[in-house]
Amino acid sequence: MDAFELFRKLGVGAKFDLKRFGQDAARFKVSFIVCSLLFDVFCLTEAGGELLKETQGTGITWTSSLDRKIQNLPSDGKEKSSMKRLKHLHQEKVNRIRAQNRINVHGCDIPDPVCTFEELQSEYRLNPRVLQNLRDAGLSSPTPIQMQAMPLMMHGRELLACAPTGSGKTLAFCLPLLAQLQQPANQGFRGVIISPTRELASQTYRELLRLSEGVGFRVHIIDKASLAAKKYGPRSNKKYDILVSTPNRLIFLLKQDPPAIDLSSVEWLIVDESDKLFEDGKTGFREQLATIFLACSGPKVRRAFFSATCTADVEQWCRLNLDNLVSVNIGHRYGSKTWVFHLFRNTAVDTVDQQLLFVGTENGKLVAMRDIIKKGFLPPMLVFVQTIERARELFHELVYEGINVDVIHADRTQQQRDNVVNSFRSGKIWVLICTALLARGIDFKGVNLVLNYDFPTSAVEYIHRIGRTGRAGHQGKAVTFFTENDKPLLRSIANVIKQAGCPVPDYMVGFKKIHSKVKRRLEKKPPKRSTICTTPRFLMKTKGKDQKKGNKRAP
DNA sequence: AAAAAAC
């Protein structure tokens, strides 16, 4: 592709809502980010023509590193100054590509973004078979996060990457992982990917299998820790390359005596949904992650963190602990106080039509739910509730409605969980009731509606839930029920919806921020959620009492 | 606050 063609393509894709941009910039403190962006917009409109002429003459393409080209030029005085000019022009182009794709980078010596997958082969020696597998999967050009994260990983840079739900993060780390490992080797695992749920691990695993088909990489997933202990133990032949796992299964292997797995050859440790895996506290993931970090003891280990939402905590940790960190943000990042909020629209969330629906009370939810079913809806639909118990209850309420409905949560057996996911993928299940288990990372093709039956407890949770629809540029819809009880949290979610460009009643965003005192009180005394049930009260009470008595009498 | 994560 020559410079002209690319310039044209980039020009067509450019859409800056200058009016909105101006308002936002005025409303919030203008930072260097705004300045650099305005500069790029200026370059795009004013300097574009001149730039085009110059690059056409030199035959420089976007796809190769300019420095190398410059080295090949003869270096008398005249050439030298034109070299400088070229270098400058090249930097402007790179800046513009980043601005147009909303790629924000932070760090030193950052490689240029790639604009095509082919560059991974020409510049970074990606196996041509992997490229073919990509084409077979119908993937033609990299998404913004892939454009920047892939060359970074190819240069062995440790990174913290934040990009919207459904914007291709999995591919953004799988491709460079395959490219960096070059070919299968018999020295034990060289790549490890950690996921917060088994469902996500298995999805990533299958994605890796598909990408590496015909290349011979041995990709593994720990599906049963006891079996895996034999497979990867000290006596094994080490014929494996990449491992995908949830934290505890891996730790189980590490804690055997002697350890049933050796991670000392790991070159890449990738933490998917990193803010989730950084969750602290007694039962949080953080300690588990720390154990895994320590086990990857090799001198060559590099680490990469990916998520749609990034907490200040993760960012801080990365700044302190990673080597020459680069952070990449696509659009703007939620959950970090250090970032300038509200400047961009989140591209993934742009593709989701988001609605808030007042249903009055707990009972109103069931009425509204039945109404949606009665009116007819376009399956598949994903329904989020807050607890396992409520997932069960809602399932029992809907199972007689004459629709194909099922339920998934961590209390179901692995077999049941796998079956449910498979049937939902194949379309056998129309309505799937779920807990936070499915909130992150899961890529169901063509979910038409995400229904938040229970109000999400945070904006972050909301973003991940509704991110199950509207993926990879497709259109999706999300409806969120709310009752009187949910009003304290309404403001933050209404703001997310408003930023995404969906209409929200003014009074909602006008709600006062809840004071930390009030918040604490709410945390101590969470509003008691009634159960989901249509059985008349008097029947319930009798049944409940009887059960309790029975329990007490039992020895 | 709940959910998730080993056998």
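Throughout, a chain's letter reflects where its sequence line sits, starting with A, and its residues are numbered from 1.
The nearest whole Å value for the distance from the CG atom in A:L489 to the P atom in B:dA1 is 13 Å. Atoms NZ (A:K282) and P (B:dA1) sit 14 Å apart, rounded to a whole Å. A straight line from CD1 of A:I222 to C1' of B:dC7 spans 13 Å, rounded to a whole angstrom. To the nearest angstrom, C1' of B:dA5 lies 9 Å from CZ of A:R249. With rounding to whole Å, A:L253 atom CG is found 16 Å from B:dA5 atom P. Protein atom CZ of A:F278 is 17 Å distant from nucleotide atom C1' of B:dA5, rounded to whole Å. As rounded to whole Å, 14 Å separates atom C1' of B:dC7 from atom CD of A:Q288. Rounded to whole angstrom, the span from the CG atom of A:L438 across to the P atom of B:dA4 amounts to 9 Å.
At a threshold of 4.0 angstrom between heavy atoms, the contacts of A:I251 with the nucleic acid are absent. Within 4.0 Å (heavy atoms only), A:R440 reaches no atom of the nucleic acid at all. Across all strands shown, A:P196 has heavy atoms under 4.0 Å from sugar-phosphate atoms exclusively, and none from any base. Note on A:K255: nothing from the nucleic acid sits closer than 4.0 angstrom, heavy atoms only.
The nucleotide whose nearest atom lies closest to any side-chain atom of A:F285 is, among B:dA4, B:dA6, B:dA3, B:dA4. When distances run from any side-chain atom of A:F252 to the nucleotides B:dC7, B:dA5, B:dA3, the shortest one goes to B:dC7. Ranking B:dC7, B:dA4, B:dA2 by closeness to the A:H409 side chain, first place goes to B:dA4. Residue A:R417 places its side chain closer to B:dA4 than to any other of B:dA4, B:dC7, B:dA3. Side-chain proximity of A:N248 to the nucleotides B:dA2, B:dC7, B:dA6 is greatest for B:dA6.
In this model, the phosphate group of B:dA5 is approached by a side-chain N or O of A:R198 to a distance below 4.0 Å at OP1 or OP2. Using a 4.0 Å cut-off, no side-chain N or O of A:R412 falls inside it from OP1 or OP2 of B:dA3. Considering only side-chain N and O atoms, A:T197 lies nowhere under 4.0 angstrom from the phosphate OP1 or OP2 of B:dA3. Phosphate proximity of B:dA4 to A:T435: present, with a side-chain N or O under 4.0 Å from OP1 or OP2.
Remark: the backbone N or O of A:I442 is paired with a side-chain donor or acceptor of A:R468 at under 3.5 angstrom. A distance-only check finds a donor-acceptor pair linking the side chain of A:S265 to the backbone of A:Q187 [under 3.5 Å].
Contact between A:L269 and A:C296 at its shortest, heavy atoms only, is CD2-SG, 4.1 Å. The heavy-atom pair separating A:I194 from A:P247 by the smallest distance is CG2-CG, 3.9 Å.
Contact check on A:D418 versus A:R198 returns no salt bridge, with no Lys/Arg side-chain nitrogen under 4.0 Å from an Asp/Glu carboxylate oxygen.
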